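Reading through the structure tokens given below for one structure.
Bear in mind that the values here come from a model prediction, so they are computed numbers and not experimental data. So you know, we letter chains A, B, ... as the sequences are listed, proteins then strands, and number each from 1.
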There are 2 protein chains.
Amino acid sequence: MKTGRAPRLIDINILRVACSSCSLRELCLPAGLDSGEMERMDRLVTHRHRLRRGAGLYRAGEPLATLFAIRSGFMKSCVLHDDGREQVAGFHMAGDVLGLDAIGGGSHTCDTVALEDTEVCEIPFASLEQLSRELPSLQHQLHRIMSREIVRDHGVMLLLGSMSAEERLAAFLLNLSQRFAARGYSPNEFRLRMTRQEIGSYLGLKLETVSRAFSRFQERGLILVRQKDVRMLDVPGLKAVLDSKR
Amino acid sequence: MKTGRAPRLIDINILRVACSSCSLRELCLPAGLDSGEMERMDRLVTHRHRLRRGAGLYRAGEPLATLFAIRSGFMKSCVLHDDGREQVAGFHMAGDVLGLDAIGGGSHTCDTVALEDTEVCEIPFASLEQLSRELPSLQHQLHRIMSREIVRDHGVMLLLGSMSAEERLAAFLLNLSQRFAARGYSPNEFRLRMTRQEIGSYLGLKLETVSRAFSRFQERGLILVRQKDVRMLDVPGLKAVLDSKR
DNA sequence: CGACCTTTTGAACGTATTCAACCGATGTGG
DNA sequence: CCACATCGGTTGAATACGTTCAAAAGGTCG
């Protein structure tokens, strides 16, 4: 798990971890904290963790020790059915907080895997609960993050329950685009970190269906796809796909 | 909204609201509180609210003022797509807490409607946050409830994303059965409070498909359905439907 | 360069949807 | 209290959409 390092390097690493100097702080758990509060948060979040592409962060069943905030990179989380069926429950990028599903039962309920080299910050959960009792804005931000996760899941349920394949893919691309934009990346050009299979799993479709939908979007001039690179050519057109069926 | 009452009746009502004397307290928000803590909870939850069948509790867009705990009855919540499409996001019964989705953005993101005459307790959210800063077990229970909602939603996503119509209905019936059991009702015989249309909306199916699946389950001797009354004849058989596909 | 994985595309198939008719239960007004 | 209107549920037949199976091309990595 932990990569062995010389003591001096560890010290440097700890200094670097500070939320207060993190460019993502307004997207992440410490959003809205003042500088004094942020300093207390710094003392809580003292460890980072590097993951190679393909490496898992935690697996279903493991006890909850810390939440994780993505510092850089891209991850997926997968829920598992008893019978081995597995489904991608979400794709996660910088600023997202992972592990919230484990609070209820004390242990994780899904697997998380890095889809590219990824760095995560460890947020010890017991200490977080304690600190959030002292800092109302931290408490509120934690509540907001959990609530937004619920709202996000409701959106996915709507997508899975009542949209056609093309509508699902359009919604997926628009959502990704918007999240990249919120992090300062181009909303019009990005690289998919996941396979067609993983997109399909998330959208409740087979990989062939995803591939065909990509091709049709390209034929209609809505996007340009080459392998994992996507260029959004006609965002209003993609939005229209969502309203088409009324 | 509020039903006008004579002062004396209001007093009686307030006395009756107390969490400490509520039979659902171990299923609900105050689960795990000691008697001193429970008393403080009593002071927070001072209002109940009666809903006739068909009446709404809140609608998407309304600002969050209080969470609601179902004291008795049965409700549904519906998420709405921009274009008017609507989907049932959940069915809720005694002990369930409603309104968690509103915390993130400050206003509700779904509509909630009573499917039978229902009583809900009002939990002012700002006061709840304040009290949960003082009572670690309350804080933790709130976190647990939000987390469990996330896990539940993941389960629905799995269902919508990778199960056949029959598997979805079997999972739905088994889940209902288990929740009735947890509340002291028979897990083998219950009355559905929702229409086939609403079940279908929740499961991502059309009402005809739901109806056909019910009929096939009955033909196979798994259940007995007459209108809204269901008797579970072969629970292991229903569970087998879930594992059938592998 | 060769092995493997991902993606694309075609054709046949199957499941859920759509359209339509009918039945039964419920509730209302004469 | 019954006639009638309405709503919810069931069932059948035709259709549509996504899946499955299969083959081949393009990328990636040893």
Side-chain angles (χ1 to χ4, degrees), chain A residues 52-54 74 76 85 87-88 113 115-117 159-173 191-220 223-230 241 244-246, chain B residues 52-54 74 76 85 87-88 113 115-117 159-173 191-220 223-231 241-242 244-246:
Chain A
R52 298 268 163 153
R53 184 158 82 96
F74 205 92
K76 69 170 176 179
R85 243 178 307 200
Q87 180 166 341
V88 174
V113 176
L115 295 180
E116 64 181 13
D117 290 1
L159 178 147
L160 292 172
S162 63
M163 290 190 189
S164 70
E166 289 197 359
E167 290 174 312
R168 294 182 200 191
L169 188 63
F172 172 73
L173 290 172
R191 161 168 288 257
L192 300 170
R193 273 74 174 185
M194 69 298 279
T195 66
R196 302 286 188 266
Q197 150 81 38
E198 285 161 336
I199 297 174
S201 171
Y202 181 62
L203 298 179
L205 301 169
K206 296 296 164 187
L207 68 96
E208 295 95 328
T209 308
V210 173
S211 178
R212 280 184 243 269
F214 267 122
S215 301
R216 263 175 279 136
F217 282 174
Q218 175 152 296
E219 281 164 28
R220 284 189 245 153
I223 61 172
L224 206 124
V225 229
R226 242 184 69 86
Q227 297 298 123
K228 295 202 153 34
D229 293 307
V230 175
V241 171
S244 61
K245 290 294 175 60
R246 147 136 309 247
Chain B
R52 298 268 163 152
R53 183 158 83 94
F74 205 91
K76 68 170 176 179
R85 242 179 307 201
Q87 180 166 340
V88 174
V113 176
L115 295 180
E116 65 181 14
D117 290 2
L159 178 147
L160 292 171
S162 63
M163 290 191 191
S164 70
E166 289 198 359
E167 291 174 311
R168 293 182 201 191
L169 188 64
F172 172 72
L173 289 172
R191 163 168 285 258
L192 299 171
R193 272 74 173 183
M194 69 298 279
T195 66
R196 302 287 189 266
Q197 150 82 38
E198 286 162 336
I199 296 173
S201 172
Y202 180 62
L203 298 179
L205 301 169
K206 295 297 163 186
L207 67 96
E208 295 96 328
T209 308
V210 173
S211 178
R212 280 184 244 269
F214 268 122
S215 301
R216 263 175 280 136
F217 282 175
Q218 174 151 295
E219 281 165 29
R220 284 189 245 152
I223 60 172
L224 206 125
V225 228
R226 241 184 71 86
Q227 297 299 123
K228 293 199 152 40
D229 293 308
V230 175
R231 179 175 299 188
V241 171
L242 288 176
S244 61
K245 287 293 174 61
R246 142 166 301 256

Could you tell me whether the phosphate oxygens of [N], OP1 or OP2, come under 4.0 Å of any side-chain nitrogen or oxygen in [X]?
{"X": "A:K228", "N": "C:dT7", "value": "yes"}
{"X": "B:T209", "N": "C:dT17", "value": "yes"}
{"X": "B:S211", "N": "D:dT11", "value": "no"}

* Asked: When you match A:E208 and B:V210 each to their closest nucleotide on DNA chain D, which lands nearer the 5' end?
  -> B:V210
* Structure fact -> In whole angstroms, the gap separating P of C:dG27 from CD of B:Q227 amounts to 12 Å
* To do: Classify the nucleic acid contact of A:G200 as base, sugar-phosphate or nothing, counting any heavy atom under 4.0 Å across all strands shown.
  => nothing
Can you tell which of [options] lies closest to the side chain of [X]?
{"X": "A:R212", "options": "D:dT20, C:dT7, D:dT11", "result": "D:dT20"}
{"X": "A:R53", "options": "C:dA16, C:dA20, D:dC29", "result": "D:dC29"}
{"X": "A:K206", "options": "D:dT20, D:dG18, D:dG12", "result": "D:dT20"}
{"X": "B:S164", "options": "D:dT19, C:dA16, D:dT10", "result": "C:dA16"}
{"X": "A:L207", "options": "C:dT8, C:dT17, D:dT11", "result": "C:dT8"}
{"X": "A:T195", "options": "C:dA25, C:dG10, C:dT7", "result": "C:dT7"}

